[in-house]
Amino acid sequence: RADALNPTAAQLGQGWIRTVIVFTLVGWLTLLVAPGLRSRGRVSIRSSPWKRLGLGLILLLDIPLTMVLILLLGVPLGVWWLGIAGLVLFAALCVVAYGYSGFQLGALVIDRAWDDRRAWLIALLAFIGLVPYVGPISVLIAIVYGLGSMTYAPAEPVPAPQLRPATQAIVAPSAATTAAPSKPIVE
């Protein structure tokens, strides 16, 4: 009886390690490809999570429904493949959303000194996902939260860019040009 439990435990452990590695890589690639998500994630953590959960739930329900409708209505028009492509892209977006919610959980818990060590919280999400009844619900909540967090940006003041006027270099002479006033200022 004890020998029968070992392969199951080993399979669970291997599956968990694969999940942690895959979602950690997906999270890092997401932040590499879209670096704005990092700062937006830190800003949105300070706001209420209910808006992000609500938006994520709407996206979770509406995007697959729209893609299925495109698939069904696209058969006579010959564009059925757009529905399938949309469903595949949505599945990829859900994977990214799960990794991004792990990043946000890490940003919420870990201090800035531990900035590069947030990957263990993705491991925590993956570990909670192994729990029999709580796991699938927590994974679904993490995906919904991640979808909402990636698309919802709380209102924040945008600083105006500080541009130097183009004529400033010509009008205001530098220390090197004051010695020779006869030379034209061309830079």
Please enumerate all residues that pass side-chain contact (heavy atoms from CB on, under 4.5 Å) together with [X], with sequence neighbours excluded.
X: L73; result: none
X: V68; result: L72, L87
X: V26; result: V22, T30, V95, V96
X: L89; result: none

Got a second to check how far [X]'s [atom1] is from [Y]'s [atom2], nearest 0.5 Å?
X: L55; Y: T151; atom1: CG; atom2: OG1; answer: 3.5 Å
X: L57; Y: D62; atom1: CG; atom2: CG; answer: 9.0 Å
X: L82; Y: M67; atom1: CG; atom2: CE; answer: 8.5 Å
X: I63; Y: I58; atom1: CD1; atom2: CD1; answer: 11.0 Å
X: L61; Y: T66; atom1: CG; atom2: OG1; answer: 10.5 Å
X: S138; Y: Y133; atom1: OG; atom2: OH; answer: 15.0 Å

Determine, using the 4.5 Å side-chain heavy-atom cutoff (strictly less than), whether W50 and L59 are members of one ILVMFWY cluster.
->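 Yes; tracing contacts between hydrophobic side chains, which count when under 4.5 Å, links both residues.
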Would you call W81 and L71 a side-chain contact if the rule is heavy atoms closer than 4.5 Å?
-> no
After noting the C-alpha distance and the side-chain angles of I21 and I17, does the key distance pass the side chain to side chain contact (heavy atoms under 4.5 Å, CB included) rule?
-> CA-CA 6 Å; I21 290 171; I17 289 173; 3.8 Å; yes
Counting only pairs under 3.5 Å, give me each side-chain donor-acceptor contact of residues 140-148, with atom names and distances, residues two or more places apart or in other chains.
unit_1 : atom_1 : unit_2 : atom_2 : d
Y145   : OH     : R52    : NE     : 3.1
Y145   : OH     : R52    : NH2    : 2.8
Y145   : OH     : Q104   : OE1    : 3.4

